[in-house]
Amino acid sequence: MFKNNHSIIFNTCAILLCAITIISCQTKPKEELPPNIVWITSEDNSKHYQKLFDDNGIPTPNIESLAKEGLIFSRAFSNAPVCSVARSAIISGCYGPRIGAQFHRKMAVVPMPDSLKMFPSYLRQAGYYTTNNSKEDYNIIKSDGVWDESSKKASWKNRAENQPFFHVFNIGVSHESSMHFTAQGMDTIATETDINSFKIQPNHPDTDLFKYTNALYRDKIREMDRQVGKIIKELKEDGRLDDTFIFYFGDHGGVLPGSKGYLYETGLHVPMVVHVPKNYRHLVKSQIGSTINGFVSFIDLAPTVLNLAGISIPKEIDGTAFLGKDIESEELNSRNETYSYADRFDEKYDMVRAVRKGKYKYIRSYQPFNYDGLMNNYRYKQLAYQEWQSLYNDGKLNELQSAFFEARSPEMLFDIDTDPYETKNLADDPAYATTLITMREKLASWVKEMPDLSFYPEHYLIEKAFGNPVEFGKKHKEEIQKYTEIADLNLLNFDNAKNSLTTALKSSDPWDRYWAIIACSTFGPQAIGMESQIREMASTDPELINRVRAAEFLGIVKKLDPSTVMTNSLYESDKPSEALLILNSIVLMNSGKYNYKFNIQLDKIAKTVAEDSEVQLRLKYLNIL
């Protein structure tokens, strides 16, 4: 009897154990596949022209449809206002001036920092199918293994079964070139957008041409939005919407005059929307359909994608992830800083850095005499630029509209909430003195800690640093910090800066002298007491560019016609990037503000220099070619 009962109990337990095992196997969740991720990038679009982000914008129904099932990022920023520099930040997750990727229309490419890869490489290693359709435009050497395919035919559809994918789709219809219409085209092509349906920004002339340009640009954005709709439709038909994050963003600011190529909000503040798929909403802690007011920038895109894919973020990346199950909504919305930079764009040199914190924007112009409107060939293909310049020359602009063609203040402070187009500089207002100092120190700290390689001229970096820019920066960090302090002397009262400038002008370090001369040029007539010392440098300094900078100072203060020194220095240079920097000073001195005359002979220019495409743009403008 006991035996039988024991047997029955044993058999019952065995059956229960099997049942529990079966149920457990059935209810155990399958290992989750990582999400698909699609980027839709539109060229040359700031947030100011879409109603989703700005009252002065137009409806973009397809982008708005993404927002309904996702998140609106109201404060998304490019770190640079031009294609290759912005895209280099995106693909690397690093600040351009730290890794040597800050110059647009590359005269030399740089390697990725040691041990760091372009971020799609990490996705491929983790099993993703990575495709790009199709613009790259990096200032960085692209190694093998970044893309499975990068071409106009690239598609996620060629992946293996059940393989997750990362796909980039670039929309170019709104690119700056779309504004290169002729006067005849303006007369014959009607716009879909009513020219009376928006306001012209306050620093632009309110002319028929500017109204038409605004309307046509908005038309291009409408077409861009229709193309976004086609991509969404394709993903839906492929059954992928519920498992695909879709990012839409502009690749930097817009193309109306004073936007692309400049560190103003219209050049940096981009639209961004992220569709959050139903099957992966557990990876996002913010409420679907809400607006994220926290600051995100392009260096954050790479770590965000890696984080969503469950891949460790390399420590060498400068950015921070803004989506993923470990990102708390409250923390994300508390982020309130973004940094940006502008150096050489095509043939035009400048050096500007900016930080925005909350509603305040601080812009530091290290060479403020290089006014915004200085000739830049590609910009001036646009009729609106040409008209703006002509109206300035004819004295028909008000003070706000004229500022684009005048020397900038070395530092500018704006309240973006009350002054979205950055027209009222608060830097000299005593009421904002504390804010100014805080923002100044914040930017200076960022520049020093990178460290910012642009405190060396580009030709020197190409020759000495671009084999390994990051290592060069680490090795020369103390020198770079010293140069920033010399450059910042022009923020002092001249009497307080004078002794330090005198010492720097006598330094054996050529780049001490370089930045001391530039600081003197910023002071202008206040530094007239430096004339004899700088005049000697214009003829004897071992560095060609220092002779040119010295002549530039003397030209600015009207103590010497700089044409002979600059022209002879151009003839001596055999480095295209050095010659291009010299030509930048020549074009400045030749401009209407100074109007010095130059007689440059093409046959005296080194062949390696004369054949460079960027140099040729300057030579054509000066009527030498």
Side-chain angles (χ1 to χ4, degrees), residues 38-74 76-78 81-84 86-87 90 132-137 152 154-155 167-181 185 189-195 197-198 201 212-236 241 244-257 259-261 265-275 298 301 382 384:
V38 167
W39 281 2
I40 304 173
T41 307
S42 65
E43 296 200 46
D44 301 5
N45 292 146
S46 66
K47 66 96 182 175
H48 302 79
Y49 311 101
Q50 295 184 27
K51 190 169 287 295
L52 185 62
F53 297 90
D54 196 292
D55 291 340
N56 202 33
I58 57 170
T60 49
N62 293 295
I63 295 170
E64 290 164 17
S65 73
L66 291 176
K68 290 177 183 177
E69 296 297 326
L71 302 171
I72 300 169
F73 287 82
S74 66
F77 300 89
S78 175
V82 74
C83 299
S84 71
R87 289 170 181 268
I90 290 171
N132 178 52
N133 189 332
S134 62
K135 187 170 183 177
E136 294 185 350
D137 202 11
K152 292 182 178 179
S155 169
H167 178 70
V168 179
F169 194 93
N170 291 276
I171 299 175
V173 67
S174 53
H175 185 265
E176 182 177 9
S177 57
S178 66
M179 294 295 104
H180 293 169
F181 56 83
I189 302 172
T191 60
E192 179 183 351
T193 302
D194 182 351
I195 63 171
S197 64
F198 51 81
Q201 63 189 66
Y212 180 83
T213 304
N214 269 266
L216 184 62
Y217 181 48
R218 285 167 168 81
D219 282 0
K220 300 300 180 183
I221 294 171
R222 293 179 195 274
E223 174 57 30
M224 176 272 292
D225 181 67
R226 286 191 279 267
Q227 293 188 28
V228 170
K230 291 179 180 178
I231 300 168
I232 297 171
K233 182 181 178 183
E234 191 173 358
L235 285 164
K236 186 175 182 180
L241 275 187
T244 302
F245 281 90
I246 305 173
F247 290 64
Y248 160 74
F249 56 94
D251 74 339
H252 51 69
V255 299
L256 296 183
S259 300
K260 183 177 180 178
E265 293 294 285
T266 52
L268 295 168
H269 196 162
V270 298
M272 182 180 288
V273 172
V274 178
H275 162 84
F298 280 3
L301 283 167
Q382 191 179 143

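- Residues Phe181 and Tyr212 bring their aromatic ring centres within 6.0 Å.
- Looking at Ser42 and Tyr248, their side chains do bring a donor and an acceptor atom within 3.5 Å of each other.
- Separation of atoms CG (Leu216) and OG1 (Thr193) is listed at 8.5 Å; rounding is to 0.5 Å.
- With hydrogens and angles disregarded, no donor-acceptor distance shorter than 3.5 Å links the side chain of His275 to the backbone of Ile63.
- Put simply, CD1 on Ile232 and OG on Ser65 are 4.0 Å apart, with the number rounded to the nearest 0.5 Å.
- In this structure, Glu43 CD and Asn170 CG are separated by 6.0 Å, a value rounded to the nearest 0.5 Å.
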**Asked** What's the verdict on side-chain contact (heavy atoms from CB on, under 4.5 Å) for Cys83 and Lys260, showing C-alpha distance, side-chain angles and the deciding distance?
**Response** CA-CA 9 Å; Cys83 299; Lys260 183 177 180 178; 3.9 Å; yes
**salt bridge (charged side-chain N to carboxylate O under 4.0 Å, His left out) between Glu69 and Lys236, intermediate numbers included** = CA-CA 14 Å; Glu69 296 297 326; Lys236 186 175 182 180; over 6 Å; no
**Message:** I'd like to know whether Ser46 forms a side-chain contact (heavy atoms from CB on, under 4.5 Å) with Glu265, so could you lay out the CA-CA distance, the side-chain angles of the two residues, the decisive distance to 0.1 Å, and finally the verdict.
**Reply:** CA-CA 8 Å; Ser46 66; Glu265 293 294 285; over 6 Å; no
**Asked** Going through the checks in order, is the side-chain contact (heavy atoms from CB on, under 4.5 Å) test met by Leu52 and Lys47?
**Response** CA-CA 8 Å; Leu52 185 62; Lys47 66 96 182 175; over 6 Å; no
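- A side-chain donor-acceptor contact under 3.5 Å links Ser197 to the backbone of Asp194.
- In this structure a side-chain-to-backbone donor-acceptor pair under 3.5 Å is missing from Asn45 to Pro271.
- Aromatic ring centroids of Tyr49 and Tyr217 lie under 6.0 Å apart.
- Each of Val168, Leu301, Leu66, Val273 was compared with Phe247 under the side-chain contact (heavy atoms from CB on, under 4.5 Å) criterion, and only Leu301 meets it.
- Separating the CZ atom in Arg218 from the OG atom in Ser174 is a distance of 13.0 Å, to the nearest 0.5 Å.
- For the pair Asn56 (side chain) and Phe198 (backbone), a donor-acceptor distance under 3.5 Å is absent.
- Rounding to the nearest 0.5 angstrom, the gap separating the CG atom in Leu256 from the CD atom in Glu176 is 10.0 Å.
- Between Lys51 and Glu64 there is no salt bridge, since no side-chain nitrogen of the basic residue lies less than 4.0 Å from a carboxylate oxygen of the acidic one.
- Under the ring-ring contact (aromatic ring centres under 6.0 Å, His included) rule, His269 has a single partner from Phe53, Phe73, Phe77, which is Phe77.
- Ion pairing of Lys230 with Glu223 is absent here, as no side-chain N (NZ or NE/NH1/NH2) approaches a carboxylate O to less than 4.0 Å.
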**Request:** Assess whether side-chain contact (heavy atoms from CB on, under 4.5 Å) is satisfied between Ile246 and Ile40, documenting all intermediate values.
**Result:** CA-CA 7 Å; Ile246 305 173; Ile40 304 173; 3.8 Å; yes
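- For Glu136 (side chain) and Ser84 (main-chain N/O), no donor-acceptor pair under 3.5 Å exists by modelled atom type.
- With a 4.5 Å cut-off on side-chain heavy atoms, Val38 and Phe245 do not count as touching.
- Taking CG of Leu235 as the reference point, atom OG1 of Thr244 lies at 5.5 Å (rounded to 0.5 Å).
- Contacts of Asp137 classified as side chain to side chain donor-acceptor pair (under 3.5 Å), with partners at least two apart in sequence or in another chain: Arg105.
- The side-chain contact (heavy atoms from CB on, under 4.5 Å) with Asp44 is formed by just one residue from the set His175, Met224, Met179; it is His175.
- Annotation for Asp55: atom CG does not count as buried by contact number, only 12 or fewer foreign heavy atoms lying within 6.0 Å.
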